[in-house]
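What follows is a set of notes on a single structure, which appears directly below.
All of these numbers come straight from a predicted model, not from anything done at the bench.
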Amino acid sequence: MIRLTHPDKPLYANSIHVTKRRLLDYWRRVAPFALPHLVRRPLSLVRCPKGGGRPCFFQRRHARGMPPGLHAALIAANDGETEELLTLEDGSGLDAAVQIDALELHIWGAHVDAIERPDRLTFDLDPDEALSFEEVKRAARDFRALLEAAGLTSFVMLTGGKGAHVVAPLEPRLDWATLAAFAKGMAMRLAAEEPSRFTAIMTKSRRVGRIYVDYRRNERAASAIAPFSPRARITPTVSAPIAWGELARVERGDAYSIEAMERRLASLRGDPWDGYFDLRQSISPAALRMFAGDGL
């Protein structure tokens, strides 16, 4: 059991009752749902010593003095050097993250014991501020259909911000370059077919009035917000995996707070991403030719 320092410190300016102790309680309640997505993956933490909405910093390397529960995984960096990246094995890692004021937990698309074989395909749908969430929902359904055409079952998650993620679990068979080429090809295809709605280019001017499809979450060393993670904002919103059938009723990408997520999980009969961990699917050679093309 970790000893929590400053347990009554408020973490969110707009919700002063959400303290470090309250955040610890949240993670312990959602751990059965969250840990399967987190365990044995490299992590990146957004640490906010002064709370959400204040200056925060990103940390992915293990360091001396880390509390027990956050471990070091030796991973080769892109430059050939070895890095000690953060990872966790169980709920003690969530306790440790709270202790060091980590509000957001981001995950790699691979496990540390098969780091060169990604097992998660993620598209981040990031809308221009002027767009309604109805446009995000429509885009998510478009990506679902596109992935189905490639033979892949996908799941949808509210980011806790203004957008959504569409995620497909994969068998760890392909390498990073192949996955990245496929993801880029799929995003570029949709952007080319409907340029008034989508862009796959990060430049701000290209994103006006459109949804930016961030396919780069599928590159080695990239990360994405973990399911059920709080966000480092002024209010305690969380990323929220939902069933596709629920999407029509959702009005915002930040629809769920810490409290609302606890109530939601207490009322559900099972995991909102039921079947996610039972799927055995991979990107077929035909789908790779269709979307990756010359990118391979």
Side-chain angles (χ1 to χ4, degrees), residues 11-15 18 44 46-48 50-58 103-107 121-147 154-167 183-184 186-219 222-242 244 246-261 264:
L11 298 178
Y12 293 92
N14 285 5
S15 300
V18 179
S44 295
V46 177
R47 296 178 60 182
C48 304
K50 296 184 179 180
R54 305 288 181 86
C56 301
F57 63 96
F58 208 66
L103 294 187
E104 296 187 5
L105 276 64
H106 295 243
I107 54 175
L121 174 66
T122 303
F123 291 99
D124 180 1
L125 307 179
D126 185 10
D128 176 60
E129 295 284 355
L131 295 179
S132 72
F133 195 67
E134 289 299 318
E135 287 298 321
V136 177
K137 293 193 287 187
R138 182 182 167 202
R141 295 188 190 101
D142 289 342
F143 261 92
R144 183 190 190 189
L146 203 59
L147 287 163
S154 62
F155 299 79
V156 64
M157 183 178 80
L158 310 178
T159 62
K162 60 184 188 296
H165 287 184
V166 178
V167 180
K184 180 179 180 180
M186 186 167 275
M188 291 293 188
R189 171 76 62 86
L190 209 55
E193 291 178 349
E194 296 197 65
S196 64
R197 292 178 61 208
F198 298 104
T199 180
I201 299 173
M202 191 182 300
T203 310
K204 274 194 172 183
S205 61
R206 298 293 293 271
R207 298 167 68 166
V208 175
R210 298 178 176 88
I211 291 174
Y212 169 53
V213 181
D214 186 355
Y215 62 85
R216 296 182 181 275
R217 306 287 180 175
N218 303 290
E219 296 176 353
S223 62
I225 191 72
F228 305 100
S229 174
R231 302 308 306 259
R233 302 170 185 270
I234 61 172
T235 56
T237 60
V238 300
S239 61
I242 62 173
W244 280 108
E246 296 178 281
L247 186 59
R249 302 190 298 272
V250 176
E251 297 181 353
R252 301 171 57 90
D254 58 358
Y256 286 95
S257 64
I258 284 175
E259 291 85 355
M261 179 56 70
R264 167 177 166 75

*With a 4.5 Å limit on heavy-atom distance, are the side chains of Thr235 and Tyr12 in contact?*
no
*Are Val238 and Pro230 close enough that some pair of their side-chain heavy atoms sits under 4.5 Å apart?*
yes
*Is it true that a side-chain atom of Arg207 and a backbone atom of Thr199 form a donor plus acceptor pair closer than 3.5 Å?*
no
*Show your reasoning for whether side-chain contact (heavy atoms from CB on, under 4.5 Å) applies to Val46 and Leu103.*
CA-CA 6 Å; Val46 177; Leu103 294 187; 5.7 Å; no
*Rounded to the nearest 0.5 Å, how far does CZ of Arg210 lie from CD of Glu135?*
12.5 Å
_I'd like to know if the side chain of Trp244 reaches the main chain of Arg141, judged simply by a donor and an acceptor atom lying under 3.5 Å from each other, with no hydrogens or angles considered._
no
*asked:* Let me confirm one number: the CZ-CG distance from Phe228 to Leu105, rounded to the nearest 0.5 Å.
replied: 13.0 Å
*Output the distance between atom CG (Leu11) and atom NZ (Lys50), rounded to the nearest 0.5 Å.*
14.5 Å
*Quick one: CZ on Phe133 to CG on Leu247, what's the gap to the nearest 0.5 Å?*
6.5 Å
_Donor-acceptor contact below 3.5 Å, side chain Asp128 vs main chain Val208_ = no
*Report yes if the side chains of Leu121 and Val167 come closer than 4.5 Å at any heavy-atom pair, otherwise no.*
no
*Of all the heavy-atom pairs spanning Leu131 and Gly209, show the shortest one and how long it is.*
CD2-O, 3.7 Å
*Side chain to side chain, Leu147 and Met186, heavy atoms closer than 4.5 Å*: yes
*Heavy atoms only: give me the nearest Ala183-Phe123 pair and the separation to one decimal.*
O-CE2, 3.4 Å
*What are the two closest heavy atoms between Val213 and Ala187, and how far apart are they?*
CG1-CB, 3.7 Å
*Start with the C-alpha gap between Asp124 and Arg216, add the side-chain angles, then the distance that decides, and say whether side-chain contact (heavy atoms from CB on, under 4.5 Å) holds.*
CA-CA 9 Å; Asp124 180 1; Arg216 296 182 181 275; over 6 Å; no
*Pro127 versus Gly163, closest heavy-atom pair with distance*: CD-CA, 3.8 Å
*asked:* Rounded to the nearest 0.5 Å, what separates atom CD1 in Ile225 from atom CD in Glu104?
replied: 4.0 Å
*Over all heavy atoms of both residues, which pair between Ala240 and Met261 is shortest? Give the atoms and the distance, please.*
CB-CE, 3.4 Å
_Side-chain heavy atoms of Asp214 within contact of Met202, under 4.5 Å_ = no
*Interatomic distance, Asp254 atom CG to Thr159 atom OG1 [nearest 0.5 angstrom]*: 7.5 Å
*Taking all heavy atoms of Ala226 and all of Ser239, pick out the closest pair and write down the distance.*
O-OG, 2.6 Å
*Is the closest basic N to carboxylate O distance between Asp142 and Arg197 below 4.0 Å?*
yes
*Working for side-chain contact (heavy atoms from CB on, under 4.5 Å), residues Arg264 and Ile242*: CA-CA 10 Å; Arg264 167 177 166 75; Ile242 62 173; 3.7 Å; yes
*Would you call Lys162 and Val136 a side-chain contact if the rule is heavy atoms closer than 4.5 Å?*
no
*asked:* Students often mix this up, so state it plainly: with edges at 30° and 60°, are the rings of Phe58 and His106 parallel, tilted or perpendicular?
replied: perpendicular
